[in-house]
A.B. asks: 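Could you have a look at this structure, given as structure tokens, before my questions?
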2 protein chains.
Amino acid sequence: MTLIERCEKSVPEQVVKAVENEPIDSKRLARLIKNGRAVIPYNPIHGPEPIPIGKDMKVKINVNLGTSRDHKDEDLELKKLKVAEEYGSHAVMDLSTGGDIDRVRRKVIDNTDLPVGTVPIYQCGLTKARESSVVDMNSDEMFNSVRKHARDGVDFVTVHCGVTKKAIDSLKECGRLTDIVSRGGSFLAAWILHNQEENPLYQEFDYLLEIAREYDLTLSLGDGLRPGSIADATDRPQIQELITLGELVKRSREKKVQAMVEGPGHVPLDQISANVKIQKEICDGAPFYVLGPLVTDFAPGYDHISGAIGGALAAYHGADFLCYVTPAEHLGLPDVEDVKEGVIASRIAAHAADITKGIDVDIDDDLSKARKELNWEKMFEKVVDPKKAKKMRKEKNSADEDVCSMCGDVCAIKMVEDQFR
Amino acid sequence: MTLIERCEKSVPEQVVKAVENEPIDSKRLARLIKNGRAVIPYNPIHGPEPIPIGKDMKVKINVNLGTSRDHKDEDLELKKLKVAEEYGSHAVMDLSTGGDIDRVRRKVIDNTDLPVGTVPIYQCGLTKARESSVVDMNSDEMFNSVRKHARDGVDFVTVHCGVTKKAIDSLKECGRLTDIVSRGGSFLAAWILHNQEENPLYQEFDYLLEIAREYDLTLSLGDGLRPGSIADATDRPQIQELITLGELVKRSREKKVQAMVEGPGHVPLDQISANVKIQKEICDGAPFYVLGPLVTDFAPGYDHISGAIGGALAAYHGADFLCYVTPAEHLGLPDVEDVKEGVIASRIAAHAADITKGIDVDIDDDLSKARKELNWEKMFEKVVDPKKAKKMRKEKNSADEDVCSMCGDVCAIKMVEDQFR
């Protein structure tokens with residue numbers, strides 16, 4: 001039985017555990033899962049911490065890690081995993097494309113209690129690409145890659161089922177500044193264009209659902225046609241794909257398979273609320289997993305900031321799950337420090353949205369009370385990165401001061417306290 | 001004659017120069033200045049680059065620098081100034097409170113063509129504080145400090161005229177988590193509470209306007225009661241002060257003195273649009289100069305990110321001028337690297353808002369075109385920080401590759417290009 005089926009009968013243990021740190025109770029979460037408004041990516045083979053993603057839940061964040069052809073140090077990926085956990089990521093995706101991909105994936109699964117996601121088409125496509133060409137993949141190979149990942153314990157998979165002939169036609173007709181920037185999307189688009197056949201992941205979606213049922217795998221319906229630039233945001237190909245994803249959400253729910261929907265990408269500030277609204281309507285309230293979105297194209301080196309702006313706004317408008325973006329985005333594979341910067345930026349975005357719903361406001365309030373009392377140790381307990389805050393405090397100030405070197409003896413807080421008392 | 005008076009007669013030379021890089025023409029800018037919807041902080045003694053701030057203009061950013069009691073290295077402040085200029089700040093404020101404050105200010109003015117702002121009450125208050133107590137300032141000393149700064153060529157000054165008895169009463173009645181966090185605000189609040197008299201900068205505002213007229217000084221009406229925590233955002237004391245600032249905008253315009261209005265501070269995401277809207281209404285369209293705003297209290301060490309989120313949203317909703325926030329905020333005085341991080345975060349916020357109005361979209365488009373062509377040199381010309389982008393590209397990739405190490409041989413852009421051609 002899948003989690004949805006179990007939620008139809010009672011409140012499963014994972015659901016009880018999942019709400020421990022959430023603003024709702026387990027009965028309500030079971031109902032949301034049943035109706036597809038929330039998911040808990042949970043493959044029993046892995047058995048991760050049950051992290052609920054969706055309506056009425058705290059906003060969650062995901063860290064991507066993984067090797068590439070040029071960087072295949074497995075230990076480095078495990079270091080990134082630890083940093084992701086330390087700084088509060090709620091999930092990790094292993095996007096490895098270099099070295100022994102199977103081994104990296106298994107190591108990641110073995111080494112974390114966070115739900116683990118993958119994009120099986122990467123491994124499938126690049127194995128072919130290195131033999132001959134990505135367009136030589138056959139449909140069995142695509143589905144087998146999903147099955148293999150599920151059998152290893154992967155909790156959720158991105159599947160680019162919405163990259164259909166119709167969507168590619170729309171792309172050709174519409175024209176774009178940056179055609180396709182999704183790696184998985186580009187594999188399937190190339191495949192469709194070359195073979196002049198429909199995307200097997202769409203054509204045989206029922207088979208995908210069978211595999212998902214077998215392993216209770218959560219589907220993350222990928223947006224292979226997500227815009228790769230501000231100019232392409234919210235265009236016809238993107239929305240054409242979203243319509244397909246909406247249909248597939250419905251079919252997933254009919255088979256009691258958990259599904260969420262992935263979203264852009266690069267979106268200007270003024271289109272973010274519309275993007276969330278349209279996803280929520282077209283996909284009947286399915287959890288929305290956004291990448292960024294980046295609110296400008298001009299900030300490589302600082303795309304974690306661009307992504308935090310877009311992510312905060314998307315989450316405020318109802319996005320449920322933020323895929324982090326690191327400073328290395330558009331420049332190269334992130335290192336450990338990039339991962340850390342990316343997680344923290346995403347956490348700030350997620351938390352900024354949460355507190356507008358009254359969630360976790362006590363963190364800010366406790367910190368501000370400590371700030372008023374100039375109680376630095378108490379402040380450090382509440383901040384997003386205690387290590388950095390402590391380090392900066394130490395470096396910028398003399399040890400025996402209660403104030404800080406910004407104002408020194410003309411501290412506003414002290415000045416007013418003295419007069420108010 | 002002040003700039004407003006000159007705009008009433010014709011289109012002054014500074015106004016012609018000011019629109020060179022703006023989406024409107026000089027006649028329209030002259031009209032906006034005349035009506036108080038835009039300002040050009042420009043003291044003829046300094047004669048800086050004319051930077052227009054306000055309605056229909058590109059969003060501008062400000063960098064704060066300055067010594068403190070514990071850090072009085074003047075050369076370091078000049079280094080910060082150069083970094084502010086290099087990374088695209090539109091103005092600087094010298095907030096020095098340590099060492100030879102007069103000399104630092106004069107050096108800053110001598111060394112930049114950007115408009116320079118100060119907060120004269122700092123120098124006035126802390127001189128007294130170090131002699132006896134800030135509450136011993138007298139009204140002459142307050143006004144003389146403004147005059148001295150104007151005579152040195154300062155282009156705009158923050159004056160906390162809105163910290164009135166009434167606002168303090170509102171603060172006492174309302175109660176706050178973090179009473180007052182504005183340094184200038186705290187000086188005047190302490191002064192009022194101790195002396196049981198009205199704030200001279202409010203009481204004798206006409207005298208302040210006389211000084212401003214004499215030097216064509218732009219007034220930045222400070223928000224001494226800005227919230228210092230999410231919990232205090234948009235409360236009665238804040239809005240009480242804003243009402244006063246609205247009255248003072250009107251009186252400034254009557255005397256043909258340019259005025260802008262300062263705003264919060266710490267504001268949750270869901271209150272930002274309301275904060276901009278209410279300022280614009282209550283202050284009859286006066287340019288809005290916001291500090292951040294920070295969308296959470298829990299990110300010291302990363303407040304430039306929290307501020308970029310709030311700043312982008314504020315600018316999108318109509319804020320005209322963003323005061324940068326650095327990673328050192330709430331921890332200590334920023335160093336050169338902090339200044340750089342702060343300027344860049346603010347530029348991302350400002351640009352993200354500009355492009356929603358169709359301004360500077362070609363930067364993003366050109367960059368995205370170059371990205372599609374994998375033309376790295378052309379990309380670097382357009383990015384917010386070419387040095388960092390080049391450095392990261394170099395460190396994370398081998399020199400002879402056109403793709404990047406994120407995807408390597410499975411580059412989405414290449415994959416699709418190959419099939420589309």
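Note: hydrogens, waters and symmetry copies are ignored here, and every other heavy atom, side chains too, is used. Just so it is clear: chains get the letters A, B, ... in the order the sequence lines come, proteins before strands, and each one is counted from 1.
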A.B. asks: Name the region of A/Leu171, side chain, backbone, both or neither, that has any atom closer than 4.5 Å to a heavy atom of chain B.
C.D. replies: side chain

A.B. asks: I'd like to know whether NZ of B/Lys357 has more than 12 heavy-atom contacts from other residues, nucleotides or ligands below 6.0 angstrom.
C.D. replies: yes

A.B. asks: How about A/Lys172 and A/Leu193: do any of their side-chain heavy atoms sit closer than 4.5 Å?
C.D. replies: yes

A.B. asks: Between A/Thr356, A/Thr296, A/Asp364, A/Val134, which residue shows the highest count of heavy-atom pairs closer than 4.5 Å to chain B?
C.D. replies: A/Asp364

A.B. asks: Is the count of non-hydrogen atoms from other residues, nucleotides or ligands lying under 6.0 Å from A/Lys388 atom NZ greater than 12?
C.D. replies: yes

A.B. asks: Considering all heavy atoms of both residues, which atom of A/Tyr87 and which atom of A/Val384 are nearest to each other, and what is their separation?
C.D. replies: CD2-O, 4.3 Å

A.B. asks: Would you mind telling me which of B/Leu367, B/Val295, B/Leu269 has the largest number of heavy-atom pairs within less than 4.5 Å of chain A?
C.D. replies: B/Leu269

A.B. asks: Against chain B, label A/Ile355 side chain, backbone, both or neither, depending on which of its atoms sit under 4.5 Å from a heavy atom there.
C.D. replies: side chain

A.B. asks: What part of A/Asn397 lies closer than 4.5 angstrom to a heavy atom of chain B: side chain, backbone, both or neither?
C.D. replies: side chain

A.B. asks: For the pair B/Tyr316 and A/Asp270, evaluate side-chain hydrogen bond (donor to acceptor under 3.5 Å, both in side chains) and give the outcome as yes or no after the intermediate values.
C.D. replies: CA-CA 8 Å; B/Tyr316 169 60; A/Asp270 59 325; 5.3 Å; no

A.B. asks: So which part of B/Gln271 gets closer than 4.5 Å to some heavy atom of chain A, the side chain, the backbone, both or neither?
C.D. replies: neither

A.B. asks: Side chain from CB out, backbone as N, CA, C, O: work out which of these in B/Ile348 comes under 4.5 Å of a heavy atom of chain A, or both, or neither.
C.D. replies: both

A.B. asks: Between A/Leu126 and chain B, with a heavy-atom cut-off of 4.5 Å, which part of the residue counts as in contact: side chain, backbone, both or neither?
C.D. replies: both

A.B. asks: What option among B/Ala190, B/Cys411, B/Ala389, B/Ala231 has the most heavy-atom pairs under 4.5 Å with chain A?
C.D. replies: B/Ala190

A.B. asks: Side chains of A/Tyr302 and A/Glu341, heavy atoms from C-beta outward: is any pair under 4.5 Å?
C.D. replies: no

A.B. asks: Which one, A/Ala345, A/Gly184, A/Ala308, A/Pro268, leads in non-hydrogen pairs under 4.5 Å with chain B?
C.D. replies: A/Ala308

A.B. asks: Quick check: does any side chain N or O of B/Thr67 sit under 3.5 Å from a backbone N or O of B/Gly98, one acting as donor and the other as acceptor?
C.D. replies: yes

A.B. asks: Do A/Phe187 and A/Val119 touch side chain to side chain, with heavy atoms closer than 4.5 Å?
C.D. replies: no

A.B. asks: Check whether any side-chain N or O of A/Asp354 sits under 3.5 Å from a backbone N or O of A/Val59 as a donor-acceptor pair, and report yes or no.
C.D. replies: yes

A.B. asks: Quick check on A/Ile180 against chain B: is it the side chain, the backbone, both or neither that has a heavy atom closer than 4.5 Å?
C.D. replies: both

A.B. asks: Under 3.5 Å, side chain of A/Ser405 to main-chain N/O of A/Lys396, donor-acceptor pair present?
C.D. replies: yes

A.B. asks: Any sub-3.5 Å donor-acceptor pair from A/Asp338's side-chain atoms to A/Asp335's backbone N or O?
C.D. replies: yes

A.B. asks: Taking NZ, NE, NH1 and NH2 as the nitrogens, is one of them in B/Asp385 or B/Arg347 under 4.0 Å from a carboxylate oxygen of the other?
C.D. replies: no

A.B. asks: Considering only heavy atoms, which portion of B/His304 lies under 4.5 Å from any heavy atom of chain A: side chain, backbone, both, or neither?
C.D. replies: side chain

A.B. asks: Which answer fits A/Glu329, side chain, backbone, both or neither, if we ask what part of it has an atom under 4.5 Å from a heavy atom of chain B?
C.D. replies: side chain

A.B. asks: Of all of B/Leu95, B/Val135, B/Ile305, which one pairs up most often with chain A through heavy atoms under 4.5 Å apart?
C.D. replies: B/Ile305

A.B. asks: Report which part of A/Ser182 has an atom under 4.5 Å of a heavy atom belonging to chain B: side chain, backbone, both, or neither.
C.D. replies: backbone

A.B. asks: May I ask you to decide whether B/Asp297 forms a salt bridge with A/Lys369, counting only side-chain N to carboxylate O separations under 4.0 Å?
C.D. replies: no

A.B. asks: At a heavy-atom separation under 4.5 Å, does A/Glu395 approach chain B through its side chain, its backbone, both, or neither?
C.D. replies: neither

A.B. asks: Is B/Arg130 close to chain A through its backbone or its side chain, or both, or neither, when contacts mean heavy atoms under 4.5 Å?
C.D. replies: side chain

A.B. asks: When only pairs under 4.5 Å are counted, which of B/Val383, B/Val403, B/Ile413, B/Leu177 shares the most heavy-atom pairs with chain A?
C.D. replies: B/Leu177

A.B. asks: With a 4.5 angstrom heavy-atom cut-off, which part of A/Asp366 approaches chain B: side chain, backbone, both or neither?
C.D. replies: neither

A.B. asks: Less than 4.5 Å to any heavy atom of chain B: does that hold for the side chain of A/Asp70, its backbone, both, or neither?
C.D. replies: side chain

A.B. asks: Find the one option among B/Ile344, B/Leu313, B/Asp232 whose heavy-atom pairs under 4.5 Å with chain A are most numerous.
C.D. replies: B/Ile344

A.B. asks: Is chain B contacted by the side chain of A/Lys382, its backbone, both, or neither, given a heavy-atom distance below 4.5 Å?
C.D. replies: backbone

A.B. asks: Please classify the contact between A/Arg371 and chain B as side chain, backbone, both or neither, with a heavy-atom cut-off of under 4.5 Å.
C.D. replies: side chain

A.B. asks: Rounded to the nearest 0.5 Å, what separates atom CH2 in B/Trp191 from atom NZ in B/Lys128?
C.D. replies: 12.0 Å

A.B. asks: If I measure from the heavy atoms of chain B, does A/His71 come under 4.5 Å with its side chain, its backbone, both, or neither?
C.D. replies: side chain

A.B. asks: Using non-hydrogen atoms and a 4.5 Å limit, figure out which bit of A/Arg183 sits close to chain B: side chain, backbone, both or neither.
C.D. replies: both

A.B. asks: Measure distances from B/Val361 to the heavy atoms of chain A and classify the residue's part below 4.5 Å as side chain, backbone, both or neither.
C.D. replies: neither

A.B. asks: Going by ring pair (Phe, Tyr, Trp, His ring centres under 6.0 Å), name the residues that satisfy it together with B/Phe298, two or more places apart in sequence or in a different chain.
C.D. replies: A/His351

A.B. asks: If you count heavy-atom pairs under 4.5 Å between each of B/Ile363, B/Ile230, B/Asp365, B/Thr97 and chain A, which one has the most?
C.D. replies: B/Asp365

A.B. asks: Counting C-beta onward and ignoring hydrogens, is there a side-chain heavy-atom pair between A/Pro300 and B/Met379 closer than 4.5 Å?
C.D. replies: no

